[in-house]
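Structure record follows, encoded as structure tokens.
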Amino acid sequence: MRFPALPDFPWDSLTAAAAVARSHPDGVVDLSVGTPVDPVPTAIGDALGAAWDSPGYPQTWGTPALREAAVGALARRHGAGRTEGEALDPDAVLPTIGSKELVAWLPTLLGLGPGDVVAFPDLAYPTYEVGAQLAGVEPARVGDDEPLPDGTRLVWLNSPSNPTGRVLDAGALAARVEEARALGAVVASDECYLALPGRGVVTTSVLDPVVHGGSVEGLLAVHSLSKTSNLAGYRAGLVLGDPHLVAGLLQVRKHAGMIVPRPVQEAMTVALRDDEHVAATRARYDARRDVLRPALEAAGLRVEHSRAGLYLWATADEPCRATVDRLAGRGILVAPGEFYGPAGGAHVRVALTASDERIAAAAERLAG
């Protein structure tokens with residue numbers, strides 16, 4: 001049996017540091033993984049429960065109500081298709097089993113093969129590279145100011161960024177879209193942190209006309225309800241954009257049985273129609289950032305970017321594993337920056353996805 005040659009799962013390497021952090025008398029403050037800890041909004045849970053009696057197969061394409069709700073949410077929250085002439089097509093929406101599986105399988109689903117290149121940021125979510133490896137194509141880390149390599153067939157954008165929280169403005173996004181189009185490459189924008197901009201920060205979707213210039217051809221936006229609606233356990237994601245690309249993905253996913261369960265689709269529909277819980281989530285993470293960022297800085301770490309999203313990108317100007325071990329000694333577990341690329345070797349990623357009490361505990365330990 002020959003399985004794909006993939007790197008070790010990064011978080012497995014944190015076992016020793018995690019054991020040290022868990023030995024703290026007041027328990028671990030785990031800021032290493034961006035998994036939500038706050039309750040699922042009641043209305044969303046009610047929608048899931050109301051659809052419990054769903055014995056038939058769900059639609060791979062998603063219900064019409066779900067697709068309409070997705071287009072409406074993009075228009076209201078992010079200005080994508082905000083006027084009638086620019087409206088997004090509900091038929092070009094496809095629910096996914098969370099966003100990670102779509103990220104991992106997109107190069108394969110698009111039919112990429114030997115000689116093709118998948119480009120992604122030099123500091124990036126590891127699954128972009130894993131997706132290229134699964135498809136047997138060449139992964140390429142590309143800095144914001146570097147040109148896309150020849151042979152690029154798929155370009156990943158990610159703003160706000162995981163791990164850095166960096167936000168690309170509309171001009172930077174538009175420039176990369178133009179460059180990718182000149183190469184005939186598909187642009188996939190991972191926008192799962194788009195609705196968590198941080199105070200005073202503007203985030204922009206690749207499906208905003210100021211970015212795409214009036215045509216969504218060659219563009220896909222990948223969205224997740226894991227962060228904005230606390231639905232990581234539901235595996236609730238979406239991809240939308242170019243109708244031709246979405247139709248092709250739909251055909252493949254039908255054959256492969258990649259289907260979001262009907263109760264989850266009903267829950268997603270409610271989540272996408274309601275903006276109040278998203279605003280509450282945003283305020284909650286802003287407050288946690290206000291507590292944790294100054295505590296890290298007072299403890300001698302420099303926080304870079306980190307204006308949006310769920311993470312603080314910090315450095316003590318030392319190897320990242322040294323910082324991980326030092327913080328573990330205070331009962332705080334963080335992720336080493338090398339997980340996200342060689343450029344992160346002196347940084348750590350600190351997640352805001354812990355309860356208010358645990359965030360306050362981390363700040364107190366950093367001050368000690």
> Under the side chain to side chain contact (heavy atoms under 4.5 Å, CB included) criterion, do V29 and L333 qualify, and how do the steps go?
Replying inline: CA-CA 6 Å; V29 179; L333 187 64; over 6 Å; no
>> Any side-chain to backbone donor/acceptor pair from T281 onto H277? Under 3.5 Å, distance only.
In response: yes
> Looking at W313 versus H347, is the centre-to-centre ring distance below 6.0 Å?
Replying inline: yes
> Does the side chain of E217 pick up a donor-acceptor pair with the side chain of H244 at under 3.5 Å?
Replying inline: no
> Taking 4.0 angstrom as the limit, do R282 and D275 come out as a salt bridge?
Replying inline: no
>> Could you go through L110 and L106, starting from their C-alpha distance and side-chain angles, then the distance that decides it, and tell me whether this counts as side chain to side chain contact (heavy atoms under 4.5 Å, CB included)?
In response: CA-CA 6 Å; L110 291 174; L106 186 59; 3.8 Å; yes
> Are R181 and E178 within salt-bridge range, i.e. N to O under 4.0 Å?
Replying inline: no
> So, D89 and R67, do they make that salt bridge, N to O below 4.0 Å?
Replying inline: no
>> Looking at E191 and S159, would you say the former's side chain and the latter's main chain have a donor-acceptor pair under 3.5 Å?
In response: no
> Under a 4.0 Å N-O cut-off, is there an ion pair linking R153 with D116?
Replying inline: yes
> To the nearest 0.5 Å, how far apart are CG in D150 and CG in L183?
Replying inline: 7.0 Å
>> Quick one: does any side-chain atom of D169 pair with a main-chain N or O of L173 as donor and acceptor, under 3.5 Å?
In response: no
> Quick one: do D30 and R22 make a salt bridge, cutoff under 4.0 Å?
Replying inline: no
>> To the closest 0.5 Å, what do you measure between CG (L245) and CG (L219)?
In response: 8.5 Å
>> Between the side chains of E101 and R235, is the shortest nitrogen-to-carboxylate-oxygen separation below 4.0 Å, so that they form an ion pair?
In response: no
>> For the aromatic rings, using the six-membered ring if either is Trp, is the centroid distance between Y311 and Y193 under 6.0 Å?
In response: yes
> Do you see a donor-acceptor pair shorter than 3.5 Å between the side chains of H78 and T203?
Replying inline: no
>> Once rounded to the nearest 0.5 Å, what's the spacing between atom NE2 of H223 and atom CE of M268?
In response: 11.5 Å
>> Side chains of D190 and Y128: any donor to acceptor distance under 3.5 Å?
In response: yes
> Measuring from H255:NE2 to T60:OG1, what's the distance to the nearest 0.5 Å?
Replying inline: 10.0 Å
>> Could you measure the distance from the NE2 atom of H212 to the CG atom of L207? Nearest 0.5 Å is fine.
In response: 6.0 Å
> So R365 and D26, salt bridge (charged side-chain N to carboxylate O under 4.0 Å, His left out) or not? Walk me through it.
Replying inline: CA-CA 10 Å; R365 294 176 191 185; D26 188 35; 3.3 Å; yes
>> For a side chain to side chain contact (heavy atoms under 4.5 Å, CB included) check, start with the C-alpha distance between S161 and H305, then their side-chain angles and the critical distance, and finish with the verdict.
In response: CA-CA 9 Å; S161 162; H305 306 300; over 6 Å; no
> Between the side chains of T164 and R349, does any donor sit under 3.5 Å from an acceptor?
Replying inline: no
>> Looking at D12, I want to see if its CG is surrounded by more than 12 non-hydrogen atoms of other residues, nucleotides or ligands under 6.0 Å.
In response: yes
> Hey, are E304 and R302 close enough for a salt bridge, meaning a charged N less than 4.0 Å from a carboxylate O?
Replying inline: yes
> OG1 of T315 to CG of L296: how many Å apart, nearest 0.5 Å?
Replying inline: 11.5 Å
> Can E129 and R141 be said to form a salt bridge (charged side-chain N to carboxylate O under 4.0 Å, His left out), step by step?
Replying inline: CA-CA 9 Å; E129 183 170 16; R141 295 183 180 275; 3.1 Å; yes
